[in-house]
Amino acid sequence: MTDPRRIRIVIVDDHHMFRTGVRAELSSLAASPRAGAFALEIAGEAGSVESAVQVIKEQQPDVVLLDVHLPGGDGHGGADVIRFCNGTQNTAGTPVRFLALSVSDAAEDVIAVIRAGARGYVTKTISAEELLTAIGRVADGDAVFSPRLAGFVLDAFGAAAGEVAEIDEELDRLSAREREVMRLIARGYQYKEVAKELFISVKTVETHVSSVLRKLQLSSRHELTAWAMGRRLL
């Protein structure tokens, strides 16, 4: 049997207790059968811009879990870490990839680290299982975002809110109301929030979501978010 692929990570956050918690959660989860097709190794941690840059350059990890607010540097936190590590490679010779992990869901924070070069941005409400999956995806070169944050990224990189996307055959299957529901669900809204936004009942929202998933042949809201992002619809 082939040994699983190893992904080495560095945890960067200015709160020691948070780093300890993430390390413990990920280490425990990675040792279980749920870890999937890769083995996780925590290569180091840091609590400031300067210490993060030093650890990253010394350890050459595959993925860095990066808080956006850090002391030191030029005052730009996680974005400074990414810039100062520009060109740093992992032990396999490919670029180190950065996944922002922050309590902040402010548009300016998201945009700043993505412009600096981060491959994704998730908030600290994420579960350990979801974080482990996100790490694997970023290591593979994918972009990963918490659903509510996807719109910020699209807006910042040329997909203005409400921009009319090219209508393709799949999108044309949806009614106008189903498209409205689809966009809100894909952005991370809960059913009650969608109902309030569109002045309809929760039951009606549920019916529309079921119809959207069936028509688009998708199985979950996560797949719906990816589908919508791919078409610049958020």
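Position 1 is the first residue of the sequence, and the numbers go up from there.
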As a quick check of understanding, evaluate side chain to side chain donor-acceptor pair (under 3.5 Å) for E178 and S211, giving each step before the final call.
CA-CA 8 Å; E178 286 172 344; S211 179; 2.6 Å; yes
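- The side chain to side chain contact (heavy atoms under 4.5 Å, CB included) test with I9 is passed by exactly one of D62, V138, L26: L26.
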Just do the salt bridge (Lys or Arg N to Asp or Glu O under 4.0 Å) check on K124 and D13 with the steps written out, would you?
CA-CA 12 Å; K124 290 180 178 178; D13 193 283; 2.8 Å; yes
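- Looking only at atom types and distance, the side chain of S104 has no donor-acceptor partner in the side chain of S102 under 3.5 Å away.
- Between V194 and I185, some side-chain heavy-atom pair lies under the 4.5 Å cut-off.
- With respect to F98, the side chain to side chain contact (heavy atoms under 4.5 Å, CB included) criterion is satisfied by exactly one of I56, L65, V10, V63: I56.
- For the residue pair D67 and H15, no side-chain donor N or O sits within less than 3.5 Å of a side-chain acceptor on the partner.
- Separation of atoms CD (E25) and CD (E129) is listed at 8.0 Å; rounding is to 0.5 Å.
- Side-chain contact between L198 and L184 is present, with at least one heavy-atom pair separated by less than 4.5 Å.
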Start with the C-alpha distance between R177 and E180, add both sets of side-chain angles, then the distance that settles salt bridge (Lys or Arg N to Asp or Glu O under 4.0 Å), and finish with yes or no.
CA-CA 5 Å; R177 177 62 87 184; E180 291 177 325; 2.8 Å; yes
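- Taken to the nearest 0.5 Å, the CZ atom of R173 stands 7.0 Å off from the CG atom of L216.
- With sequence neighbours excluded, no residue satisfies side chain to side chain donor-acceptor pair (under 3.5 Å) with T207.
- P61 places a side-chain heavy atom less than 4.5 Å from the side chain of V96.
- Of the inter-residue distances, the one linking R137 atom CZ with E130 atom CD reads 11.0 Å to the nearest 0.5 angstrom.
- With values rounded to the nearest 0.5 angstrom, M182 atom CE is found 7.5 Å from R179 atom CZ.
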Just do the salt bridge (Lys or Arg N to Asp or Glu O under 4.0 Å) check on R119 and D140 with the steps written out, would you?
CA-CA 10 Å; R119 292 294 302 175; D140 287 335; over 6 Å; no
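- For the residue pair I82 and V113, the shortest heavy atom distance occurs at CD1-O, 3.7 Å.
- Side-chain contact of Q54 with E50: a donor-acceptor pair under 3.5 Å is absent, judged by distance alone.
- Residues satisfying the side chain to side chain donor-acceptor pair (under 3.5 Å) criterion with D14, sequence neighbours excluded, are absent altogether.
- For the atom pair CG of L40 and OG of S28, the computed distance is 11.5 Å after rounding to the nearest 0.5 Å.
- For the atom pair CZ (R115) and CZ (R83), the distance works out to 10.5 Å, reported to the nearest 0.5 Å.
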